[in-house]
Amino acid sequence: MTLTEEIIKLKREKNAIVLAHNYQRPEIQDIADYVGDSIGLSIKAMEEKEAEIIVFSAVDFMAESATILNPDKKVLLPTLGARCPMAQMLTVDEIKRWKVHYPLVPVVLYVNTLASAKAYCDICCTSANAVEVVNSLDAETVLFGPDHNLAEYVSRKTGKTIIPIPERGFCPTHLLFQPEDVQVLKMKHPDAVVMVHPECSLEMQDIADFIGSTSQMCKYARSNKAKRFIVATERGIIHHLEKENPGKQFIPAYKDAVCPNMKLNTLERLYRALKEEKYLITVPEPVAKRARKALEKMVELRI
Ligand code: 13P
Ligand code: SF4
């Protein structure tokens, strides 16, 4: 039996499903029950009724959110070391420091944070709904973290005062995209449509035809008549885009833009995770209770 066949067999035997992020390796996307962005994956995990085990093939904060939103399920992360560096950039102490200066200002946290940080925010957001989440608040000033570029994007779109916490939180993978590279690609392919993730710099956002989360990019590419797209996000998404759009061409805006954390998950590790039921992701209930409120508020907005 191949590894893929073994995984499919184990999924059945153990009543498990695999949820995978758009950045996962192609072979993982291909055996997953659902592939999507942070908000799509959170909703899938939250609404899952049948399965006893959810193997969450992504990074730490996404699996944490799944276990917070659906505490009755066993949520497994195939690789314990798959941690998003941006999520480590905002500590509880830092949030508390900012709150001393702005006691009446709401705190909006990107889901790319640890559960301990989420426990200290008013509402969470993803790159798919950050603008709508901030607009839903009856406040003209918002503390927003940890991604500085997403904070700038939200500030431009809402016209509100967005205070980034920490001052310059960032994604090391999206930092790799530079407008010069896109300009070179555009000279070669003038018909190409440019899709940019809001974790990219403002200079990259300025040259985008479309800015959105990974699944919003997939939706945009499906509905757009263009035949060629330049894609400024982690290159794992190219597999998803190609699978859904035969006949269209997807060009990475920077071919080395890989998230090493996401890529720690391999078929072998996923197989071991299922077989040995590891690594079980847990969040202490007092923290989970507070973080759940912030996550559920976001999900309830259904945007
Ligand atoms: P999406 O929610 O757009 O999939 O983004 C998650 C992420 O980690 C981007 O780097
Ligand atoms: Fe974190 Fe960036 Fe990787 Fe997304 S691409 S998981 S933000 S390091």
Side-chain angles (χ1 to χ4, degrees), residues 19-25 28-29 32 34-46 56-66 69 77-90 108-114 117-118 124-133 144-151 153-154 164 166 168-177 195-201 204-205 208 210-221 231-241 252-254 256-265 295 298-299 303:
L19 303 184
H21 187 263
N22 285 317
Y23 298 161
Q24 291 299 280
R25 295 168 186 271
I28 290 185
Q29 293 190 27
Y34 176 79
V35 182
D37 64 357
S38 316
I39 186 70
L41 289 165
S42 290
I43 293 172
K44 276 278 167 203
M46 189 178 83
F56 211 108
S57 201
V59 288
D60 55 354
F61 72 84
M62 295 188 187
E64 268 190 356
S65 296
L69 287 166
L77 182 66
T79 317
L80 201 53
R83 299 200 177 110
C84 166
M86 186 205 282
Q88 324 284 325
M89 289 179 193
L90 185 60
V108 178
L109 290 192
Y110 194 23
V111 286
N112 298 41
T113 40
L114 298 176
K118 288 186 180 80
C124 289
C125 73
T126 76
S127 55
N129 59 24
V131 170
E132 291 81 359
V133 165
F144 187 102
D147 188 38
H148 177 260
N149 290 327
L150 183 62
Y153 173 71
V154 171
R168 294 212 72 87
F170 67 98
C171 162
T173 302
H174 286 83
L175 184 76
L176 294 168
F177 294 104
M195 300 195 294
V196 170
H197 196 279
E199 287 178 16
C200 293
S201 66
M204 282 296 296
Q205 294 179 26
F210 178 76
I211 303 173
S213 78
T214 56
S215 288
Q216 286 174 333
M217 284 186 193
C218 293
K219 190 172 172 205
Y220 181 78
V231 186
T233 195
E234 210 270 355
R235 58 170 303 154
I237 196 176
I238 302 285
H239 177 68
H240 194 167
L241 288 165
Y254 185 66
D256 295 335
V258 169
C259 173
N261 315 281
M262 284 280 185
K263 294 300 192 273
L264 281 174
N265 299 318
L295 281 165
M298 167 187 75
V299 173
I303 37 179

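Counting starts at 1 for both ligands and their atoms, following the listed order.
- Here the side chain of Lys118 pairs no donor or acceptor atom with the backbone of Leu109 at under 3.5 angstrom.
- Note: Phe210 and Tyr220 have parallel aromatic rings, judged against thresholds of 30 and 60 degrees for the angle between ring planes.
- In this structure, Met204 and His174 have side chains that are not in contact, with every pair of non-hydrogen atoms separated by 4.5 Å or more.
- Within the 4.0 Å heavy-atom cutoff, His21 counts among the residues contacting ligand 1.
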Mind running side-chain contact (heavy atoms from CB on, under 4.5 Å) on Arg235 and Val258 for me, showing each step along the way? CA-CA 6 Å; Arg235 58 170 303 154; Val258 169; 3.9 Å; yes

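- Here Thr126 has no heavy atoms under 4.0 Å from ligand 1, in either its backbone or its side chain.
- Nearest-heavy-atom check against atom 5 (S) of ligand 2 across Gly236, Cys171, Pro146 picks out Cys171.
- At least one heavy atom of His197 sits less than 4.0 Å from an atom of ligand 1.
- When only modelled atom types and interatomic distance are considered, Gln216 and Asp37 share no side-chain donor-acceptor pair under 3.5 Å.
- If you number the atoms of ligand 2 from 1 as listed, the ones under 4.0 Å from a heavy atom of Pro85 come out as 8 (S).
- Looking at Asn112, its side chain never comes within 3.5 Å of a backbone N or O of Ala87 through a donor-acceptor pair.
- Taking the six-membered ring where tryptophan is involved, the planes of Tyr23 and His21 are perpendicular, since the angle between them exceeds 60° and thus also 30°.
- Looking at atom 2 (O) of ligand 1, its nearest protein heavy atom turns out to be Ser38 OG, 2.6 Å.
- At least one N/O-N/O distance between Ser127 and ligand 1 falls below 3.5 Å.
- Looking at ligand 1, you won't find any N or O of Ser213 less than 3.5 Å from one of its N or O atoms.
- For the residue pair Thr173 and Glu234, no side-chain donor N or O sits within less than 3.5 Å of a side-chain acceptor on the partner.
- The closest non-hydrogen atom to atom 7 (S) of ligand 2, taken over Val59, Leu175, Asn112, Val111, comes from Asn112.
- For Glu199, the closest heavy-atom approach to ligand 2 falls below 4.0 Å.
- The protein heavy atom nearest to atom 1 (Fe) of ligand 2 is Cys84 SG, 2.4 Å.
- Atom 4 (Fe) of ligand 2 has as its closest protein heavy atom Tyr23 CE1, 4.0 Å.
- Considering backbone and side-chain atoms together, Thr214 places an N or O closer than 3.5 Å to an N or O of ligand 1.
- Checking side-chain atoms of Asn22 against main-chain N and O of Gly236 turns up no donor-acceptor pair under 3.5 Å.
- Counting atoms of ligand 1 from 1 in the listed order, those under 4.0 Å from a heavy atom of His174 are 10 (O).
- Here Cys259 reaches atom 3 (Fe) of ligand 2: one of its N/O/S atoms is less than 2.8 Å from the metal.
- The main-chain N or O of Asn261 is never found under 3.5 Å from a side-chain atom of Arg83 such that the two would form a donor-acceptor pair.
- Taking a 4.0 Å cut-off on heavy atoms, Met262 fails to register as neighbouring ligand 1.
- Not one N or O of Asn22 is nearer than 3.5 Å to an N or O of ligand 1, by distance alone.
- In this structure, the side chain of Gln29 engages the main chain of Gln24 through a donor-acceptor pair within 3.5 Å.
- Looking only at heavy atoms of the protein, atom 10 (O) of ligand 1 is closest to Glu199 OE1, 2.9 Å.
- Listed for the Arg25 side chain is a donor-acceptor partner under 3.5 Å among the backbone atoms of Asn265.
- If you look at Asn112 next to ligand 1, the close heavy atoms, those under 4.0 Å, all belong to the side chain.
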